[in-house]
S.K.: 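Okay, here's the structure, questions in a sec.
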Amino acid sequence: MPVFILNRLMQAAGAILIMSILVFVGLYLVGDPTSMLVSPEATDLERDAVRQSLGLDQPIWVQYLTFAGNALRGDFGRSFLTGQPAMQLIFERMPATFELVVVAMGFAVLVGVPLGMLAGLRPKAISSKAVMTTSILGFSLPNFWIGLMLIMLFSVYLGVLPASGRGEVVRLGNISLSVLTADGWRHLILPALTLGLAKAALIIRVTRAATREVLPMDYIKFARAKGLRSPRILRVHLLKNILIPIITVAGLEFGQAVAFAVVTETVFSWPGMGKLLIDSIITLDRPVVVAYLVLMVGFLITLNLLIDIVCMLIDPTAREKVRD
Amino acid sequence: MRFLQAKLMTTVAAVILGTMPLSAADLTIGVKSEPSSLDPQFHVLATNMQVAFTMFEPLVMMDAEVVPQPALADSWENVSPTEWLFHLRDGVTFSDGSPLTAEDVVFTFERVAKVPNSPTSFTLFTRQIEKVEAVDDQTVRITTLRPHPLLLTDITSIPIMSKAAASGPAPEGKTTTELNRGEGLIGTGPFTFVSWQKGADLVVARNPNYWGNAPEWDQVIFRPMTNPAARAAALLAGDIDLMEDPPTANLDDFKNNPAFTVEQAPAGRVIYIALDQQDRQSPGIGGAEGANPLTDKRVREALSLAIDREGIVSRVMGGVAVAAGDMIPSTFFGSSPDHATAPKVDVEKARALLAEAGYPDGFTITLGTPNGRYVNDARIAQTVAAMWSRIGVTTEVNAAAPPVFFKNRDELQYSAYLGSWGNSTGENLTTLNAQASTFNREQGTGTANGGRYSNPEVDALITLANATMDDDQRKALLEQADGMVMNDYGILPLHFEVPVWAMRNGITIDGRADQYTLPQGVVSVE
């Protein structure tokens, strides 16, 4: 197990290295941030002064080595646009994204697993077919469209929920959270629903497939033959065995949502990290983009590792595989 | 669908009118971008200025038509060509109750050059100033390096900070980081700082010690909403009271809905096409046997005549723009009276001019444009391309994301590109200096002259105007220089953007040509 974890961490370091080079070169090729930052009335000499102060006059490899050297010491540079440390900017926005994604995934799992099991247990029933058809809609409709439709319905037409912002927040130290106030929840529902619908649809399909796969297994038949009651069969024998694909998919989707909740955050003006990433890409604020992606690669790899560990704890056969 | 929409809107109106908020003295504004900092001297950026002007005031302030008006200085005199005296208004106090003195002004001007990490330093506005001194408590003397007629407009961008509040151990006093937290953010403006959560709401409240007319709002909330559709939805839902830049496609929806109104400002920012006038084989031009046809004035005139500016205004811009014949609106100081109105489209004459210049069959050209930087930018370029192709100049549009576009433009990779220029001084001198002067890196002239237009006579007139303190004489010089640039077709103005705001019924905004959304300009209507 420790070897396995160590291996994974080394993979992570490699991925971060490659990714940071790619992002660095990519943003370098795209354009010159000074033309996005500097007022058009500034003279060429003033522009050069800015370029120099940001280190942009150096060749790309010098810029990269400087960055990498600082990053090893935990300094990811300052945002070109705001002059603040890039990591600080990201950490300030992180709680907003996390609470949005946690609520969205909670919704997706609570709705997705029961409906998926229902559809898997009675595949021919009309209710199951309805669930499956709706789930197709769930992940084929674009996210921003679902968001705008929800706004039109609940904010504009019914006027019951707000369409933007975070509402009242409670500060715990440096972290501010919406989930602790009623007003915060009202602001949270629509974006979480938007983000969660597609995830729920996916979980429905995974759960259904897994259920269908497990149902004909001998141990289910055996449990039935022993005369066990249906609820117990479902809970102990079925649910436990379909949990692995569900945890894997839910975990991966959670990571995706944290890293790239951009569209939902933009539509609902939700002040999370995704919006920061998009704004930073538009202004070529390279330190923020690189810091963000480094952080996210680290996060996604850690998350994958956690998923694997959890799966191993549930499923003994997976443990065997790692040992080999 | 249309019917459904209309029905939806009226229902919305009923819902909103039925649930008017109780705290009617709060104002929430959906703004299209957030400031990069609250430090009023950190970054020359319209979003930052607009926020700064809610809490701070300069000595001299631009009005809605971009004409300098007394603000913290109620009078001034030009003692000699390089020496100005500013008399501070009596009885002005900062929001913490301390009185405004000349020392605060001196402190503010001295801080400008010390602010570190600035993406664009405010030295842009102080580079002509030699020194700023306090003559007495109520008088400030500003000495310029050379006669500088734009001093007044320059200092409209320097909001005055409180020396006592903004001093600190760092060379610049309170650092940008501290100011972002609200520490030392003490000005004389109509509002005071309450809170700022980056990416989310910025909240300001009425300044109880304000010297002027108290603003109507107890509290103002700026909510950044980059997506125009999200802003529109939030306005419809009653989340916000006022939005910047409603999408042109939805303007009629708001106009026809009794629950909302739309306000416009005087025209300001110009959209133009710059043409490469260097003697070289211009990139993106084909069928001209290696020559650059754009160096021929007749060709440039033909390209200008082929453009139906009124058509662009009505069909692409939804009517919220003004066709342009000049780079600045005719109401601005020093614009050419001969070019106050936009030229009429004349396809026949354009074809004849092309033939005369030796291109009876036209040529091919690529028109560069940013996609998503200015209102409808790529669509405007497509329309111009169609109009040029009509006279035989087969035009292909090269639309790129703004950072890519600016990179190509700065490397002079376009023969023709669509650009935009906002004149924030109300005086043609800034526009001519940046757009029409011959490009010169060392002297800092022609900074935005991407077509590299160059005319020695124009240069001479502009140089003279830069040193002419007498307003009438300078005006005449500017008008003459401007007329020559326009007659040369050195640059092709298309239209002026008209800033637009949509808001709930019951309030109105004093729309400003510089596009700032200032909450002190928002008032209730009976």
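Predicted model only: the values in this text are computed from it and were never measured.
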S.K.: If every non-hydrogen atom of B:P119 is compared with every non-hydrogen atom of A:L37, which pair is closest and at what distance?
M.R.: CB-CB, 4.0 Å

S.K.: Looking at every heavy atom in both A:S164 and B:D239, which two are closest together, and how far apart are they?
M.R.: N-OD2, 2.8 Å

S.K.: Among B:P403, B:G422, B:G444, B:S37, single out the residue with the greatest number of heavy-atom pairs under 4.5 Å to chain A.
M.R.: B:P403

S.K.: Please identify, among A:A96, A:S79, A:A163, A:P33, the residue contributing the most non-hydrogen atom pairs under 4.5 Å to chain B.
M.R.: A:A163

S.K.: Which pair of non-hydrogen atoms, one from B:A233 and one from A:I151, has the smallest distance, and what is that distance?
M.R.: CB-CG2, 3.5 Å

S.K.: Could you tell me whether the side chain of B:H43 reaches within less than 4.5 Å of the side chain of A:L81, counting heavy atoms only?
M.R.: yes

S.K.: At a heavy-atom separation under 4.5 Å, does A:L89 approach chain B through its side chain, its backbone, both, or neither?
M.R.: side chain

S.K.: By a 4.5 Å heavy-atom criterion (distance strictly below it), what part of A:V50 contacts chain B: side chain, backbone, both, or neither?
M.R.: side chain

S.K.: Would you compute the distance between atom CG of B:N227 and atom CZ of A:F268 and round it to the nearest 0.5 angstrom?
M.R.: 11.0 Å

S.K.: With a 4.5 angstrom heavy-atom cut-off, could you sort out which part of A:T34 is near chain B: side chain, backbone, both or neither?
M.R.: neither

S.K.: Identify which part of B:Q197 has an atom lying under 4.5 Å from any heavy atom of chain A, answering side chain, backbone, both or neither.
M.R.: side chain

S.K.: Select one option (side chain, backbone, both, neither) describing which atoms of B:D410 are under 4.5 Å from chain A's heavy atoms.
M.R.: side chain

S.K.: Just wondering, do B:P402 and A:M36 contact through their side chains at under 4.5 Å, heavy atoms?
M.R.: yes

S.K.: Could you give the distance from CG (B:N180) to CD (A:Q84), rounded to the nearest 0.5 Å?
M.R.: 5.5 Å

S.K.: Select one option (side chain, backbone, both, neither) describing which atoms of B:E34 are under 4.5 Å from chain A's heavy atoms.
M.R.: side chain

S.K.: Does B:Q443 CD have over 12 foreign heavy atoms under 6.0 Å away?
M.R.: no

S.K.: If we only count heavy atoms from C-beta on, is the A:T43 to B:R127 side-chain gap below 4.5 Å?
M.R.: yes

S.K.: Hey, does the side chain of B:K198 reach the backbone of A:P271 with a donor-acceptor pair shorter than 3.5 angstrom?
M.R.: no

S.K.: Is it the case that atom CZ in A:F107 sees more than 12 heavy atoms from other parts of the structure closer than 6.0 Å?
M.R.: yes

S.K.: Using heavy-atom distances under 4.5 Å, tell me whether B:R223 contacts chain A through its side chain, its backbone, both, or neither.
M.R.: side chain

S.K.: Counting only non-hydrogen atoms closer than 4.5 Å, does B:S121 touch chain A with its backbone (N, CA, C, O), its side chain (CB onward), both, or neither?
M.R.: neither

S.K.: So which part of A:L284 gets closer than 4.5 Å to some heavy atom of chain B, the side chain, the backbone, both or neither?
M.R.: side chain

S.K.: Which bit of A:I282 comes within less than 4.5 Å of chain B, counting heavy atoms only: side chain, backbone, both or neither?
M.R.: backbone

S.K.: So which residue, A:E92, A:R78, A:R93, A:E265, ends up with the most heavy-atom pairs under 4.5 Å with chain B?
M.R.: A:R93

S.K.: What part of A:S53 is in contact with chain B, defined as an atom under 4.5 angstrom from a non-hydrogen atom: side chain, backbone, both or neither?
M.R.: neither

S.K.: Tell me, with the steps shown, if B:L124 and A:S39 meet side-chain contact (heavy atoms from CB on, under 4.5 Å).
M.R.: CA-CA 9 Å; B:L124 198 63; A:S39 157; 3.7 Å; yes

S.K.: Does any backbone or side-chain atom of B:A434 lie under 4.5 Å from a heavy atom of chain A? Answer side chain, backbone, both or neither.
M.R.: neither

S.K.: Does B:S36 reach the side chain of A:T82, with side-chain heavy atoms less than 4.5 Å apart?
M.R.: yes

S.K.: OG1 of B:T226 to NZ of A:K275: how many Å apart, nearest 0.5 Å?
M.R.: 4.5 Å

S.K.: Nearest 0.5 Å, what's the CG-CG distance between B:N440 and A:D44?
M.R.: 9.5 Å

S.K.: Looking at CG of B:N408 and CG of A:D32, how far apart are the two atoms once the value is rounded to the nearest 0.5 Å?
M.R.: 11.5 Å

S.K.: At a heavy-atom separation under 4.5 Å, does B:F405 approach chain A through its side chain, its backbone, both, or neither?
M.R.: neither

